[in-house]
Amino acid sequence: MNPNTQLVLYNTISRQKEAFEPINAPFVGMYVCGPTVYGDVHLGNCRTFVSFDLINRYLLHLGYKVRYVRNITDAGHLEGDRDEGDDKFSKKARIEQLEPMEIVQRYTIGFHDIMRMFNALPPSIEPTATGHISEQIEMVREIIGKGYAYEVNGSVYFDVEKYSRQYNYTILTNRQMDDLLAGTRDLGGQDEKRGRLDFALWIKAKPEHIMRWPSPWGVGFPGWHIECSAMSSKYLGDQFDIHGGGMDLAATHHTNEIAQSQACNHTQPAKYWLHTNMLTVNGTRMSKSAGNGFLPQELFTGDHPLLKRGYSPMTVRFFMLQAHYRSTLDFSNEALDASEKGFKRLMNAYDLLGKLKTSNTSDFDIEDLRARCYTAMSDDFNSPILIAELFEAARIINTVYDGKGAIDEKNLSSLKELMSNFILDVLGLKEETCQTDDLGQLMDFIISLRLDAKNNKDYATSDKIRNALSKIGIQLKDGKEGTTWSK
RNA sequence: GGCCACAUGACCGAGCGGUGAGGUGGAGGUCUGCAAAACCUUUUACGGCGGUUCAAAUCCGCCUGUGGCCUCCA
């Protein structure tokens, strides 16, 4: 690693880039809001988790001991406007004739499968909301004890207006309280909330409600935001380094998390708040409600009206990493096509590293390139610039391979380390072609047959072999050193 | 309606006060039996109108357009 680069990251709370200084270096605590597992994760969800995978990987690469906590929301979030209606799990369960926990299990496994395909490292701890009901109840009790929440009819609400007199409720979004109030609808007569901005910490369960737990306020289930506050403080302490999630969570979910933690512990839960931007389709945010989302599986197979064809998981990951995590990224077939070719080019160069011949002199200075890679990543995890630098490395590799440039032992060795560090460890990209030994030997044999034909000037046969292989997705490349192939 | 972002070449995307980021595509060339791949050259853009500055894609103002949040969402 390069100790000379200071990592800076953009903190939503200050709306500027700040030097990253962990509370207890070399330990770093990072909490990321995970998925709600009542349905398949769509590609937009995946983008956030790939972004935080990059952040996690870079922190690890820099030598930090990261405890990465990402929750699974499997309870309690309500649908509808006024905390009415079924919870998502029991509703979905009724549709599919399954137990709520069966739904949770199914989609949790699906989520893990997808994350594995994207080559995302698993978090250190992946707590579930249903597994931490008592912690949530305890936190609600404390908030009531501190005077920032009140019970009505078996439900508990957070008193936002009281809180906002002592703390800056809108610290994350910098909104004015008056504007927030203007944006809310009138409270109906039946509403139990005292203030229109108040939100539920604990909700009384209706008789038909399946997911329910006993509490000091009766049988019910936790509100939307309390799980993250309870679980983050349990595993990372009342104050930790990084809290992350999608930008859509900042205004409501994270704002309320901060309020809960402040009210309970009188501390800001996280030092740095990181928010990833949305994936868009034709300029519009991909979301469940807009119906413009598609599933990773559909993207891989190409089985979707918006898709011309399928793209591999690593192509999609590379596509995501070519944009900065705080920018929106617009999805299109053309953009995926471009990323696919770029990704192959980069990985092809990486493969060539082992075949390079060294010289006594070197036309390239890898040290300088290496420094630029660290500079890019340390500037708020700027993976697009890192990738641009890696393409420069690819050019060097290809030039040397072509015999049009020289590299010495020392620079080649640092080039190998650089490529491996950044492509594999930091960007988390991996080879997708499974070149088994059997296939390799078979290909060697076919290539030797074709070489015989070529030597006999039997180009009809040599082209026939090449065309046939091309049809099954294997490209032959005749070079000075002989013929190579790739899938 | 309120608040907040963003507008970059054929496309995707960095940059955010002063040397053509990069990828894809297009054109030309080198290599090759021909291809492919690779390499070289080329394709020099920053929504509009003002302003600040020796200098602006980059700062400020206005306008236009798009999007996000305000209601579950990564």
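Per chain, numbering begins at 1; letters A, B, ... match sequence-line order. What's counted below: heavy atoms across the whole structure, side chains too, no hydrogens, waters or symmetry copies.
Of the residues in residues 306-320 of chain A, none lies under 4.0 Å from RNA chain B by heavy-atom distance.
In terms of the side chain to side chain donor-acceptor pair (under 3.5 Å) criterion, residue partners of A:N256 (sequence neighbours excluded) are, by chain and number, A:Y169, A:H225. For A:Y10, there are no ring pair (Phe, Tyr, Trp, His ring centres under 6.0 Å) partners two or more places apart in sequence or in a different chain. By the side chain to side chain donor-acceptor pair (under 3.5 Å) test, A:T128 pairs with no residue at all, sequence neighbours left out. A:S462 is linked by a side chain to side chain contact (heavy atoms under 4.5 Å, CB included) to A:R450, A:A453, A:K454, A:Y459, counting only residues two or more places apart in sequence or in another chain. A:N119 meets the side chain to side chain contact (heavy atoms under 4.5 Å, CB included) test with A:R57, A:M314, A:K430; sequence neighbours excluded.
Straight-line distance between the P atoms of B:A14 and B:C6: roughly 12 Å, to the nearest whole Å.
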Distances for protein N/O vs nucleotides 15-20 of chain B N/O pairs under 3.5 angstrom?
from: B:G15; atom 1: OP1; to: A:N382; atom 2: ND2; distance (Å): 2.9

Output one line per pair: protein atom, nucleotide atom from nucleotides 25-29 of chain B, and distance, for all N/O pairs under 3.5 Å.
from: B:G25; atom 1: OP1; to: A:K341; atom 2: NZ; distance (Å): 2.9

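For residues 326-336 of chain A, the pairs satisfying salt bridge (Lys or Arg N to Asp or Glu O under 4.0 Å) are A:R326-A:D380, with sequence neighbours left out.
A:R194 forms no cation-pi arrangement with A:Y157, by the criterion of a distance under 6.0 Å to the ring centre and an angle within 45° of the ring axis.
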Nucleic acid footprint by protein, nucleotides 40-46 of chain B - heavy-atom cut-off 4.0 Å, B for base, S for sugar-phosphate alone: S------

What pattern of brackets, bars and dots sums up RNA chain B from 5' to 3', given Watson-Crick or G-U wobble pairs under 3.5 Å, [ ] for crossing pairs and | for another strand? ((((((((.[[[)....(...]]]((((((.......))))))...[[[[[..)....]]]]])))))))....

Enumerate, atom names and distances included, each donor-acceptor pair closer than 3.5 Å involving a side-chain atom of residues 396-405 of chain A, sequence neighbours excluded.
from: A:N398; atom 1: ND2; to: A:A394; atom 2: O; distance (Å): 3.2
from: A:T399; atom 1: OG1; to: A:R395; atom 2: O; distance (Å): 2.7

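No aromatic stack links A:F49 and the base of B:A74, using centre distance under 5.5 Å and interplanar angle under 30°.
A salt bridge does not link A:R372 to A:E367: none of the charged nitrogens lies less than 4.0 Å from a carboxylate oxygen.
Along RNA chain B, the nucleotide nearest A:M278 and the nucleotide nearest A:S462 are compared for position; the residue whose nucleotide lies closer to the 5' end is A:S462.
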